[in-house]
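Proteins come first, then strands; the chains are lettered A, B, ... in the order of their sequence lines, and each starts at number 1.
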2 protein chains.
Amino acid sequence: MRKNQTETAVLGALSVEPMTGYALRVTIRDVLGHFWSESFGQIYPALAELERRGRVKRRGSSRPGSSTFALTGSGRARLKELLAQPVHASPPRNGLMLRLFFGRQLGAEACRSLVLEARHDAARRLKKYEAIREELELDDDHAKDRPFWLLTVSAGEHTARAAITWADETIAALDEIGPSIDAPKQRRR
Amino acid sequence: MRKNQTETAVLGALSVEPMTGYALRVTIRDVLGHFWSESFGQIYPALAELERRGRVKRRGSSRPGSSTFALTGSGRARLKELLAQPVHASPPRNGLMLRLFFGRQLGAEACRSLVLEARHDAARRLKKYEAIREELELDDDHAKDRPFWLLTVSAGEHTARAAITWADETIAALDEIGPSIDAPKQRRR
DNA sequence: GGGCACATGTAAGCTGTTACATGATTAA
DNA sequence: TTAATCATGTAACAGCTTACATGTGCCC
């Protein structure tokens with residue numbers, strides 16, 4: 001754990017191209033957003049700390065009151081070191097699964113709604129991944145990074161498709177178990 | 001967010017059957033573990049708070065120094081209320097994807113290892129889900145809960161299978177991009 | 001001149017993890 | 001008898017989120 005996590009994301013983003021702290025916020029949100037998030041309150045402190053240690057260098061302002069940060073040699077080395085560290089799986093906390101697991105208390109109908117919603121979300125994500133894929137094909141600036149970026153897009157696509165299949169199966173299953181548990185009192189009134 | 005999360009998990013577990021705080025720890029780890037986690041440091045305080053509010057009742061000790069907690073009527077109502085609240089998606093933090101995204105810095109070979117490891121993990125999880133499924137088929141005590149529990153097992157299976165497929169594709173892709181970027185200096189020595 | 005996007009930070013507060021402290025019971 | 005498991009808690013700390021404070025430049 002440690003705040004290595006933030007450090008890695010910040011150094012990584014700067015390894016693609018130098019940018020301001022603000023641009024870092026936006027990049028992490030828009031580009032890494034499918035699998036990563038940083039609370040913005042951490043980015044500036046992390047950047048300051050990295051500067052203090054000589055991992056990044058603050059370059060003159062593109063305009064007053066702003067500065068662009070670039071990786072130093074030591075910063076690039078540190079990034080490689082961080083990336084080589086073992087992946088620390090964050091403990092799972094899936095609110096949807098928690099609700100389904102206690103679905104007997106929640107009721108089959110409410111479960112159905114939740115699953116439908118999850119299906120919509122997954123479908124929306126899938127479309128987005130396809131859009132990103134197309135966008136990447138046209139982007140010649142990052143040809144060296146692209147193959148790696150596509151791996152993460154592919155992971156998103158696989159996950160989203162699995163979620164859709166699961167949701168469809170689950171809705172069918174809920175239709176079967178639903179009536180018998182949820183509304184036993186008004187069967188054929 | 002709020003500690004509603006812990007409250008929901010604790011009340012939910014107690015809705016299945018009354019148990020001690022210790023059993024709660026074990027149950028949450030072993031039964032909900034596929035999609036949920038609670039830090040144990042929170043369980044006892046949450047339990048104390050729930051007792052104070054009359055959501056759970058502490059029943060005589062099964063043995064000295066221990067007490068069994070059971071849901072009260074108000075506790076069951078509270079659980080339903082909590083389950084009906086919108087799912088709050090926790091911000092994603094996938095360390096594997098972060099490493100792959102910056103795979104150019106890490107190197108294709110190291111990426112390959114990470115993906116292989118992920119494949120092993122997914123295969124192991126898949127086997128575990130199948131074991132849980134079989135175990136559930138034999139368990140007559142929780143017939144009413146079972147259909148809902150199976151939904152979460154199914155989700156795990158779909159996710160794990162998707163991860164395996166993705167990993168296989170990804171390893172193939174890395175084999176293609178790997179050599180040309182990673183070891184250009186010693187091509188055909 | 002008004003609003004929006006760019007830009008940099010700080011502080012309070014909540015959440016969650018980890019390690020510790022303590023003791024009873026049971027099985028080898 | 002000693003190790004493992006059952007059992008209940010507390011305290012310190014690390015990490016993250018949210019809201020706030022402040023200011024510039026650009027476009028309509």
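With rounding to whole Å, Asp30(A) atom CG is found 13 Å from dA5(C) atom P. Atom pair Glu38(B):CD and dT15(C):C1' shows a separation of 11 Å (rounding to whole Å applied).
Arg78(A) has a carboxylate O that lies under 4.0 Å from a charged side-chain N of Glu7(A), or vice versa, which qualifies the two as a salt bridge. Remark: Glu49(B) does not engage Arg55(B) in a salt bridge, criterion side-chain N to carboxylate O under 4.0 Å. The pair Arg119(B)-Asp168(B) counts as a salt bridge, with a side-chain nitrogen and a carboxylate oxygen less than 4.0 angstrom apart. Under the 4.0 Å criterion applied to side-chain N and carboxylate O atoms, Glu157(B) and Arg133(B) are assigned as salt-bridge partners. Using a 4.0 Å cut-off between charged nitrogen and carboxylate oxygen, Glu38(B) and Arg93(A) count as a salt-bridge pair.
Residue Arg93(A) places at least one side-chain N or O under 4.0 Å from the OP1 or OP2 atom of dG16(C). In this structure, Ser39(A) does not reach the dC16(D) phosphate: none of its side-chain N or O atoms is under 4.0 Å from OP1 or OP2.
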N/O to N/O distances under 3.5 Å, protein versus nucleotides 3-6 of chain D:
unit_1 : atom_1 : unit_2   : atom_2 : d
dC6(D) : OP2    : Tyr22(B) : OH     : 2.9
dC6(D) : O4'    : Arg63(B) : NH2    : 3.3
dC6(D) : O3'    : Arg63(B) : NH2    : 2.8

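Relative orientation of the Tyr129(A) and His34(A) rings is perpendicular, given thresholds of 30° and 60° on the angle between their planes.
With the nearest nucleotide of DNA chain D identified for both Arg58(B) and Phe40(A), Arg58(B) has the one nearer the 5' end. Both Gly41(B) and Gly41(A) lie near DNA chain D, and the one whose nearest nucleotide falls closer to the 5' end is Gly41(B).
The side chain of Pro91(B) lies closest to dT17(D), out of dA7(C), dA7(D), dT17(D). Of the candidate nucleotides dT8(D), dG9(C), dT17(C), dT17(C) has the atom nearest to the side chain of Gln42(B). The side chain of Pro45(B) lies closest to dT10(D), out of dG9(C), dA7(D), dT10(D). Listed candidates were dG9(D), dT8(C), dC16(D). Nearest to the side chain of Tyr44(B) is dG9(D).
The distance from atom CG of Leu82(B) to atom CG of Leu11(B), rounded to the nearest 0.5 Å, is 6.5 Å. Between Leu79(B) atom CG and Ser74(B) atom OG the span is 11.0 Å, to the nearest 0.5 Å.
In the region residues 80-87 of chain A, proximity to DNA chain C at under 4.0 angstrom, judged on heavy atoms, holds for none of the residues.
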